[in-house]
Amino acid sequence: KNKDLESEKMLPKPEQSAAAAFLPMLESQPVPAEHASMKLSASRLHSVWRKEVLQFAACMLSTASSFVHFCGLLLADEDGVGVHCEIVQDFLKERGDSENVEQLVRDKMREIRSDKLLTGLCHPSLELRTLFLSEMQQFCMPEDPFADKTVAKLMERAEDLSWEWHRRVAAIFSITHIAKMEYAPFYVDGRA
């Protein structure tokens, strides 16, 4: 009887959306013993089992607005690492495109990465620069690196002789890769 009362408490209230009610319900559920070894971290979203449940729930939401709200809740909980953005990106791959959710992800990535972007693109580590470049392309962040002056700032750093030579080379490397990205040909062809 107590279990029935507990499960009734976990049911969403009529004024509460299904997405808003789902996250606390998921958090309160223990990870099954057979999946406990898959747990990567103490965070609820780093558990493989919970990630799969979230993926299933995201695909089962019947309206576009509930999907946007669900993704918004996950993104609001982002801790600055970008894991939640990656999870929402997986939702989009599985469920299909949603311009509103894509915009939410871009906004969140801009919020957590904007101050680190130039530093990452000028980093001497090829691996780190490649990660920043792939993140730029995957999340369309910034949407247009030519218009938002990202490329211009990289060019300034490449020409600044007070910078270490390896950081200047890294800036040039990043500029050439940005020019090869999907949205770049219009600008490159327009200048040629």
Side-chain angles (χ1 to χ4, degrees), residues 40-48 50-51 54-55 58 67-192:
L40 303 175
S41 159
S43 172
R44 67 176 186 238
L45 291 179
H46 296 278
S47 161
V48 175
R50 288 193 170 119
K51 183 180 176 196
L54 285 171
Q55 180 80 28
F67 178 63
V68 170
H69 184 68
F70 182 75
C71 292
L73 288 171
L74 288 176
L75 292 171
D77 201 30
E78 175 61 58
D79 60 0
V81 177
V83 174
H84 298 188
C85 295
E86 187 67 37
I87 290 170
V88 171
Q89 199 73 2
D90 289 344
F91 294 170
L92 287 169
K93 287 176 191 168
E94 185 73 28
R95 185 180 165 111
D97 291 339
S98 167
E99 192 60 40
N100 293 336
V101 174
E102 288 172 4
Q103 187 61 47
L104 286 173
V105 172
R106 277 194 299 270
D107 292 345
K108 182 53 80 170
M109 287 300 290
R110 191 175 299 115
E111 176 187 321
I112 64 177
R113 290 281 195 267
S114 62
D115 59 333
K116 300 171 187 138
L117 183 63
L118 286 174
T119 305
L121 293 174
C122 294
H123 198 278
S125 166
L126 174 62
E127 186 176 352
L128 188 62
R129 280 194 317 270
T130 304
L131 288 171
F132 268 91
L133 288 163
S134 66
E135 209 171 74
M136 280 178 66
Q137 191 162 21
Q138 181 180 0
F139 294 108
C140 297
M141 193 287 303
E143 289 181 59
D144 186 348
F146 294 94
D148 84 340
K149 309 267 191 250
T150 300
V151 172
K153 291 175 186 173
L154 285 170
M155 289 174 72
E156 286 173 15
R157 291 183 179 196
E159 294 169 352
D160 186 354
L161 297 177
S162 65
W163 269 58
E164 297 98 350
W165 68 270
H166 52 85
R167 292 191 185 277
R168 293 173 54 215
V169 169
I172 294 167
F173 173 84
S174 294
I175 292 168
T176 59
H177 276 73
I178 290 170
K180 293 177 187 177
M181 286 183 183
E182 213 172 274
Y183 46 66
F186 169 77
Y187 293 100
V188 174
D189 291 345
R191 292 185 194 145

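Predicted model only: the values in this text are computed from it and were never measured. FYI, the numbering just counts along the sequence from 1.
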To the nearest 0.5 angstrom, please state how far the [atom1] atom of [X] sits from the [atom2] atom of [Y].
X	Y	atom1	atom2	value
Leu73	His84	CG	NE2	12.0 Å
Met181	Asp144	CE	CG	12.0 Å
Glu156	Trp163	CD	CH2	10.5 Å
Asp90	Leu54	CG	CG	11.0 Å
Ile112	Leu117	CD1	CG	12.0 Å
Leu161	Glu159	CG	CD	9.0 Å

Would Thr119 and Phe132 count as a side-chain contact (heavy atoms from CB on, under 4.5 Å) if you check the C-alpha gap in whole Å, the side-chain angles of each, and the deciding distance to 0.1 Å?
CA-CA 10 Å; Thr119 305; Phe132 268 91; over 6 Å; no
Is there a side-chain contact between [X] and [Y] in this structure, where contact means two heavy atoms from C-beta onward sitting under 4.5 Å apart?
X	Y	result
Phe67	Leu92	yes
Val88	Leu104	no
Val101	Arg95	no
Glu86	Val83	no

Is the count of non-hydrogen atoms from other residues, nucleotides or ligands lying under 6.0 Å from Glu164 atom CD greater than 12?
yes
For residues [X] and [Y], report the shortest heavy-atom separation together with the two atoms involved.
X	Y	value
Ser174	Leu133	O-CD2, 4.1 Å
Asp148	Thr150	OD1-OG1, 2.7 Å
Gly120	Arg129	O-CG, 3.3 Å
Met136	Pro142	CE-CD, 3.8 Å

With a 4.0 Å cut-off, would you call Asp160 and Arg157 a salt bridge?
no
May I ask you to decide whether Glu111 forms a salt bridge with Lys108, counting only side-chain N to carboxylate O separations under 4.0 Å?
yes
As a test of understanding, state which of Arg106, Glu78, Glu135 forms a side chain to side chain contact (heavy atoms under 4.5 Å, CB included) with Cys85.
Glu78
